[in-house]
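This structure is a prediction, so every number in the text was calculated from the model and none was measured.
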Amino acid sequence: MNDVTADKHSAFCYSFSMLILAAVFLFSGCSTTTLPKRDLASFSQPSACYDRQLEPSTPVVDSHIHFRAFGGKSIPFTEINDYFRQTTIRFANIYGIGQVLPADSSCTYYLDCPGTPVLPSIKNDMVNAANYVEFPSEDIQLVLSMTFPDMAKLEDVQEIIELYDKEYPGLFKWAGEINLVKQALLQNGHVPVTKADINKWGAFMELLRQRNIPINFHSDLGNDENPTKYLGIMEYVLQQYPANKIVWAHMGLSKELAHMDATRHTKLMARLLNTYPNLMLDISWNVLNTHYFSKPAIRAVYVDFFNTYSERILPGTDFVASRNKNFEVYEKELSETSSILQDVDDTAFRNIALGENYFRFLSLNYQAPDICQ
Ligand SMILES: [Zn+2]
């Protein structure tokens with residue numbers, strides 16, 4: 001090859017390579033999220049590192065999702081599993097609902113029907129268990145939860161657990177979400193638990209400990225007039241049952257407590273986490289994003305807190321599967337409830353979003369991928 005031909009040749013090569021690069025770029029959709037989604041099996045062994053630039057920031061765990069509606073029709077069980085397949089969720093707890101409208105009520109949401117009693121029931125646990133057995137899912141790891149106990153009157157709990165054991169032996173591996181105090185329900189017959197009630201939980205909590213079953217409590221911390229009005233209830237439970245695996249739903253926040261000072265709240269949570277090593281916090285419910293995580297100054301406080309206590313946080317949507325919702329609603333709630341996880345550090349992202357906390361907490365034989373450096 002003489003010099004001129006060589007020059008022409010290299011110019012051709014350069015243009016050709018640029019063309020190839022452009023084609024690759026075009027065919028990749030110019031997108032940064034084209035890596036294939038991880039399947040369940042990839043969590044049973046060491047897998048490729050997780051690239052936070054190219055892979056989604058939504059979690060692989062939904063630890064708090066209600067498969068049943070308060071009343072009216074629910075989304076079919078298999079359809080909810082399809083929602084998981086279409087998103088990043090590979091692990092989920094099957095919650096019933098801790099408050100059920102009467103069968104003869106036309107309500108689907110308790111706030112629309114003040115005066116109508118909504119009380120715990122075994123109905124939804126039984127429907128969930130039947131579906132769990134009838135529609136086994138190979139590609140989604142589901143954990144069945146019992147949501148029936150009324151913590152203000154536990155008299156019949158032993159009998160009901162015997163019934164569960166008889167019908168579905170060994171299937172219920174989680175408990176909750178169970179209401180201790182939920183201000184939104186005070187007009188629907190819900191009565192907050194008292195210290196006298198909590199003192200009577202001994203046998204039930206012992207049974208949970210023996211079976212390594214965590215329990216998720218919804219216990220409002222307070223309201224905007226008095227942010228720590230009900231702190232005493234949750235703290236008394238923690239004092240009485242420090243050896244139980246307890247999850248505090250929504251970190252005690254709610255629509256009624258929408259403006260608590262973030263520094264005050266995180267300091268309080270930190271004190272409880274330091275004092276009670278078996279306590280975990282669940283950051284589910286898009287209400288937390290609306291009132292706290294979506295506001296930059298407040299978000300920064302929680303990002304710091306999650307980084308510091310990254311082993312103590314569980315993600316969840318708190319989606320309630322009533323039939324007036326669809327996949328778009330689930331997808332939106334998933335992205336809202338996990339938006340803050342984009343900003344946490346790599347260790348926290350692996351622990352919270354990639355499931356490491358959930359696996360450890362439930363002693364599941366799975367592992368989160370490492371984060372790519
Ligand atoms: Zn919930």
Side-chain angles (χ1 to χ4, degrees), residues 64 95 97-99 110-111 117-120 145-155 157 174-209 213-261 264-285 287-288 291-292 309 312-314 316 318:
H64 188 142
Y95 283 10
I97 193 97
Q99 56 273 339
Y110 51 85
L111 285 182
V118 288
L119 299 166
S145 181
M146 47 180 150
T147 316
F148 77 89
D150 181 344
M151 303 308 279
K153 42 178 175 92
L154 269 182
E155 292 82 10
V157 74
W174 192 283
E177 169 188 30
I178 293 170
N179 297 320
L180 302 187
V181 50
K182 181 162 176 164
Q183 294 161 99
L185 280 176
L186 291 177
Q187 285 187 297
N188 299 84
H190 163 68
V191 181
V193 299
T194 62
K195 287 188 177 177
D197 296 328
I198 296 167
N199 289 338
K200 295 184 205 152
W201 296 358
F204 177 62
M205 297 301 267
E206 169 66 24
L207 180 135
L208 297 182
R209 285 198 301 277
I213 293 180
I215 185 164
N216 181 308
F217 288 127
H218 180 118
S219 194
D220 286 351
L221 178 58
N223 52 45
D224 285 325
E225 285 77 60
N226 181 358
T228 55
K229 182 174 180 185
Y230 300 110
L231 169 63
I233 293 182
M234 190 63 176
E235 184 139 28
Y236 190 67
V237 172
L238 294 168
Q239 283 162 1
Q240 297 307 111
Y241 305 103
N244 276 84
K245 290 183 174 180
I246 290 175
V247 184
W248 195 351
H250 327 305
M251 305 190 287
L253 301 173
S254 63
K255 284 181 188 165
E256 290 78 15
L257 179 54
H259 303 98
M260 185 168 181
D261 177 73
R264 183 179 171 199
H265 180 250
T266 50
K267 273 190 179 158
L268 170 59
M269 292 297 121
R271 176 177 72 74
L272 296 175
L273 291 172
N274 291 338
T275 313
Y276 305 102
N278 290 309
L279 171 67
M280 298 285 279
L281 303 177
D282 119 6
I283 57 168
S284 70
W285 202 7
V287 164
L288 274 59
H291 295 294
Y292 294 90
Y309 289 91
R312 312 293 292 281
I313 309 290
L314 292 170
D318 200 17

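- Proximity of Tyr292 to His265: side-chain heavy atoms (C-beta onward) are nowhere separated by under 4.5 Å.
- Across Leu154 and Pro149, no two heavy atoms sit closer than the pair CD2-CB, 4.0 Å.
- Residues Met280 and Lys245 have side chains not in contact (no heavy-atom distance under 4.5 Å, counting atoms from C-beta outward).
- Aromatic ring pairs are classed by plane angle as parallel below 30°, tilted from 30° to 60° and perpendicular above 60°; the pair Tyr95 and Trp174 is tilted.
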### Query
Yes or no on side chain to side chain contact (heavy atoms under 4.5 Å, CB included) for Ile246 and Met234, after CA distance, side-chain angles and deciding distance?
CA-CA 10 Å; Ile246 290 175; Met234 190 63 176; 3.7 Å; yes

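- With Ser284 contributing its side chain and His250 its backbone, the two residues share no donor-acceptor pair below 3.5 Å.
- Judged by distance alone, with hydrogens and angles left aside, the side-chain atoms of Trp285 form no donor-acceptor pair with the main-chain N or O of Ser254 at under 3.5 Å.
- Side-chain contact between Arg209 and Glu206: present, with at least one pair of heavy atoms (C-beta onward) separated by less than 4.5 Å.
- At least one side-chain heavy atom of Phe204 sits under 4.5 Å from a side-chain heavy atom of Ile215.
- Contact check for Val247 versus His64: no side-chain heavy atoms found under the 4.5 Å cut-off.
- Taking 4.5 Å as the limit, every side-chain heavy atom of Leu238 sits out of range of all side-chain heavy atoms of Thr275.
- Evaluated for a side-chain contact (heavy atoms from CB on, under 4.5 Å) with Met151, the options Val193, Asn179, Val181 yield exactly one hit, Val193.
- Remark: the Tyr276 side chain and the Asn244 side chain contain no N/O donor-acceptor pair separated by less than 3.5 Å.
- In this structure, Ala175 and Ile213 approach most closely via the heavy-atom pair N-CG2, 3.7 Å.
- Counting heavy atoms from C-beta outward, Pro242 and Asn278 have side chains that stay 4.5 Å or more apart.
- Listed for the Arg312 side chain is a donor-acceptor partner under 3.5 Å among the backbone atoms of Leu279.
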### Task
Given side chain to side chain contact (heavy atoms under 4.5 Å, CB included), test Asp220 with Lys229 step by step and report yes or no.
CA-CA 9 Å; Asp220 286 351; Lys229 182 174 180 185; over 6 Å; no

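- Residues Met146 and Leu208 form a side-chain contact, since some pair of their non-hydrogen atoms from C-beta on lies under 4.5 Å apart.
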